[in-house]
Chemist: 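Handing you a structure now.
Per chain, numbering begins at 1; letters A, B, ... match sequence-line order.
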Amino acid sequence: MRIATFNANSIRTRLPVILPWLLEHRPDVLAVQETKVQDSDFPVDPFTEIGYSCAFKGQKSYNGVALITREPLAEIRTGFFPDDTQNGPRLIRGRMGDVWIINAYVPQGRDRDSEHYAGKLEWLNQFRAMLEREYVPDQPIIWTGDLNVAPEPMDVHDPKSLDGHVCFNSELTALFYEVCAWGFHDVFRRHRPDPGEYSYFDYRGATVYKNKGWRIDHILGTRRMLDLSTDAWIDLKPRKIRDPKPSDHTFMIADFQNLPR
DNA sequence: ATGGTAGTAGAACTA
């Protein structure tokens, strides 16, 4: 099983990037964040034409998540609770066979002293509560998405100057590892132990060409999924293209052996 | 230290 994640920064604008990428890499699951489209306008047809199913929850202009899958997902839910309209555009989950897929777009936080940053911490606490309520850690579960957390100094290009940022500070890291302590492991880092690999590069300053990035997109798995994982990597090519225009994030991919029956 | 870019909009806002 191949699972990928991509913050598209508008799924409609990014179709010329996503569709060829899907045909080339054929993941079983592509988790998309920042779709920036309300559900009635989601571009379902281009995906069905190449054999993919879509599950999504979005809104105009901001946020929005989708799961693009080769097989239709079962038990699709958006948000933390049934009928959770407030958090739906940031969280979508479903089951593919025996594997649970959770796709999250964690709030960025804007500024450390803003209510948006407080909301980010609260969102992660609610996420942890959802895990405890609805899952057990010995299930095969993937948690992926734009988590807006760079957990380690090696996950940012300049840890000294960026220390204290809403996506890189000790308070956030502690909370992130508290959530992970429920039962998630870093699948990407298991296979890529060396520094200098990033999934997000600011549009401003040609940062991708200087490798001045952040690893804030993640593929995490419970122990069963970690043990089944065979490889993980970041594909920089879709970030470096000029035409069609790139997202400011790029794809992270992980491969897994099938679950034993 | 500030501002740099892109998307959605059709002026700011979010990142």
Side-chain angles (χ1 to χ4, degrees), chain A residues 5-19 21 30-44 46 56-66 68 85-92 103-124 127 144-151 155-169 172-173 176 198-218 234 236-252:
Chain A
T5 184
F6 182 52
N7 179 320
N9 188 17
S10 172
I11 196 166
R12 288 181 291 185
T13 297
R14 224 57 68 198
L15 283 175
V17 174
I18 297 173
L19 295 172
W21 194 91
L30 175 64
V32 184
Q33 308 83 36
E34 284 208 83
T35 56
K36 295 189 172 182
V37 62
Q38 58 188 336
D39 293 348
S40 58
D41 295 331
F42 192 95
V44 173
F56 44 84
K57 178 57 75 176
Q59 65 186 81
K60 275 187 178 176
S61 301
Y62 308 115
N63 309 323
V65 285
I68 313 292
T85 51
Q86 189 174 356
N87 298 293
R90 290 186 178 275
L91 184 67
I92 188 165
N103 175 22
Y105 176 46
V106 175
Q108 192 259 9
R110 298 194 202 179
D111 295 296
R112 283 293 292 281
D113 50 6
S114 75
E115 72 273 23
H116 299 277
Y117 179 72
K120 177 183 198 171
L121 303 181
E122 175 57 25
W123 198 98
L124 286 165
F127 186 88
T144 187
D146 177 356
L147 306 189
N148 271 314
V149 180
D155 294 320
V156 296
H157 61 272
D158 188 349
K160 277 194 183 128
S161 74
L162 295 174
D163 185 27
H165 188 278
V166 287
C167 296
F168 180 63
N169 66 76
L172 178 68
T173 297
F176 176 72
Y198 310 116
S199 61
Y200 161 78
F201 301 87
D202 198 313
Y203 283 124
R204 299 164 289 191
T207 53
V208 69
Y209 301 102
K210 309 167 192 164
N211 202 32
K212 295 174 89 167
W214 301 63
R215 192 177 71 106
I216 54 177
D217 302 275
H218 297 281
I234 290 168
L236 283 178
K237 282 204 300 273
R239 181 64 187 82
K240 290 182 168 172
I241 53 171
R242 307 271 192 172
D243 182 26
K245 289 183 177 178
S247 170
D248 44 0
H249 296 247
T250 196
F251 296 79
M252 177 183 284

Chemist: For A:Asn9 and B:dT8, give me the distance from atom CG to atom P, rounded to whole Å.
Modeler: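 Whole-Å distance recorded here is 7 Å.
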Chemist: Which residues pass the side-chain contact (heavy atoms from CB on, under 4.5 Å) test with A:Ser114, sequence neighbours left out?
Modeler: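 A:Arg110, A:Asp111, A:His116, A:Tyr117.
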Chemist: With sequence neighbours excluded, tell me which residues meet side-chain contact (heavy atoms from CB on, under 4.5 Å) with A:Pro238.
Modeler: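 By the side-chain contact (heavy atoms from CB on, under 4.5 Å) rule, A:Pro238 matches A:Val17, A:Trp21, A:Asp235, A:Thr250, A:Phe251.
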Chemist: State which of B:dT5, B:dT14, B:dT8 makes the closest approach to the side chain of A:Arg110.
Modeler: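 Nearest listed nucleotide: B:dT14.
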Chemist: Report the nucleotide, chosen from B:dC13, B:dA9, B:dT8, that has the shortest atom-to-atom distance to any side-chain atom of A:Tyr62.
Modeler: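 Nearest to the side chain of A:Tyr62 among the choices is B:dC13.
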Chemist: Just the table, please: protein N/O against nucleotides 2-4 of chain B N/O, every pair under 3.5 Å.
Modeler:
residue, atom, partner, partner atom, Å
B:dG4, O6, A:Arg204, NH1, 3.1

Chemist: Rounding to an integer number of Å, can you tell me how far A:Lys210 NZ sits from B:dT5 P?
Modeler: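 Between P of B:dT5 and NZ of A:Lys210: 11 Å.
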Chemist: Quick one: is A:Ser10 getting a side-chain N or O under 4.0 Å of the B:dT8 phosphate, OP1 or OP2?
Modeler: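 So the side-chain polar atoms of A:Ser10 do come within 4.0 Å of the phosphate oxygens OP1 or OP2 of B:dT8, strictly under.
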Chemist: Rounded to the nearest angstrom, tell me the gap between atom CG in A:Asp41 and atom P in B:dT8.
Modeler: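 Checked: the CG to P distance equals 12 Å.
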Chemist: Please name all residues satisfying salt bridge (charged side-chain N to carboxylate O under 4.0 Å, His left out) with A:Asp39, sequence neighbours left out, ordered by chain then number.
Modeler: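 Result, salt bridge (charged side-chain N to carboxylate O under 4.0 Å, His left out) vs A:Asp39: A:Lys57.
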Chemist: A:Ile11 CD1 to B:dG7 P: how many Å, rounded?
Modeler: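 Atom CD1 in A:Ile11 sits about 15 Å away from atom P in B:dG7.
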Chemist: If you measure from the C1' atom in B:dC13 to the same atom in B:dA9, how many Å do you get, rounded?
Modeler: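 Rounded to whole Å, the distance is 10 Å.
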Chemist: Please tell me if A:Ser247 has a side-chain N or O lying less than 4.0 Å from either OP1 or OP2 of B:dA6.
Modeler: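 For A:Ser247, the contact criterion (side-chain N or O under 4.0 Å from OP1 or OP2 of B:dA6) is not met.
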Chemist: A:Tyr105 near the nucleic acid: base, sugar-phosphate alone, or nothing, with a heavy-atom cut-off under 4.0 Å?
Modeler: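 It contacts sugar-phosphate atoms only.
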Chemist: Could you state the atom-to-atom distance from OH of A:Tyr117 to C1' of B:dA15 in whole Å?
Modeler: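 Rounded to the whole Å, the gap is 17 Å.
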Chemist: According to salt bridge (charged side-chain N to carboxylate O under 4.0 Å, His left out), who are the partners of A:Arg12, at least two apart in sequence or on a separate chain?
Modeler: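 Testing A:Arg12 for salt bridge (charged side-chain N to carboxylate O under 4.0 Å, His left out), a comparison that skips the adjacent residues, returns none.
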Chemist: Which whole-number value in Å describes the distance from A:Asp248 CG to B:dA6 P?
Modeler: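 The distance from CG of A:Asp248 to P of B:dA6 comes to 10 Å, rounded to the nearest Å.
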Chemist: Expressed in angstrom and rounded to an integer, what is the separation of A:Asn148 atom CG from B:dT14 atom P?
Modeler: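 For the pair A:Asn148 CG and B:dT14 P, the rounded distance is 15 Å.
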Chemist: Looking at every heavy atom in both A:Pro151 and A:Phe176, which two are closest together, and how far apart are they?
Modeler: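 Nearest heavy atoms, A:Pro151 then A:Phe176: CG-CE2, 3.7 Å.
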Chemist: In this structure, which one of A:Asn7, A:Asn103, A:Asp146 forms a side chain to side chain donor-acceptor pair (under 3.5 Å) with A:Gln33?
Modeler: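 So, applying the side chain to side chain donor-acceptor pair (under 3.5 Å) to A:Gln33 and each of A:Asn7, A:Asn103, A:Asp146, only A:Asn103 qualifies.
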Chemist: Under 4.0 Å: is that the gap between some side-chain N or O of A:Lys245 and OP1 or OP2 of B:dG7?
Modeler: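 Checking B:dG7 against A:Lys245, a side-chain N or O does come within under 4.0 Å of OP1 or OP2.
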Chemist: What's the gap between B:dA11 and B:dG7 when it is taken at their C1' atoms, as a whole Å value?
Modeler: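 Nearest-Å result for B:dA11 against B:dG7 at atom C1': 14 Å.
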Chemist: Between B:dG4 and B:dA15, how far apart are the two C1' atoms, rounded to whole Å?
Modeler: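 That atom pair is separated by 13 Å.
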Chemist: Name the residue closer to the 5' end of DNA chain B, choosing between A:Gln108 and A:Arg14 according to the nucleotide with the nearest heavy atom.
Modeler: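 Checking each residue's closest nucleotide, the 5'-ward one belongs to A:Arg14.
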Chemist: What is the distance, to the nearest angstrom, from the CZ atom on A:Arg90 to the C1' atom on B:dT14?
Modeler: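 Taking atom C1' of B:dT14 as the reference, CZ of A:Arg90 is at 10 Å.
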Chemist: Residues in side-chain contact (heavy atoms from CB on, under 4.5 Å) with A:Pro159, at least two apart?
Modeler: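 Applying side-chain contact (heavy atoms from CB on, under 4.5 Å) to A:Pro159 gives A:Pro153, A:Val156, A:Phe168.
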Chemist: Roughly how far apart, to the nearest Å, are B:dG10 and B:dT14 at atom P?
Modeler: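 Pairwise P distance, B:dG10 against B:dT14, rounds to 15 Å.
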Chemist: Could you pull out the closest heavy-atom pair between A:Thr35 and A:Val32, with the gap in Å?
Modeler: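 So the minimum-distance heavy-atom pair works out to CG2-CG1, 3.9 Å.
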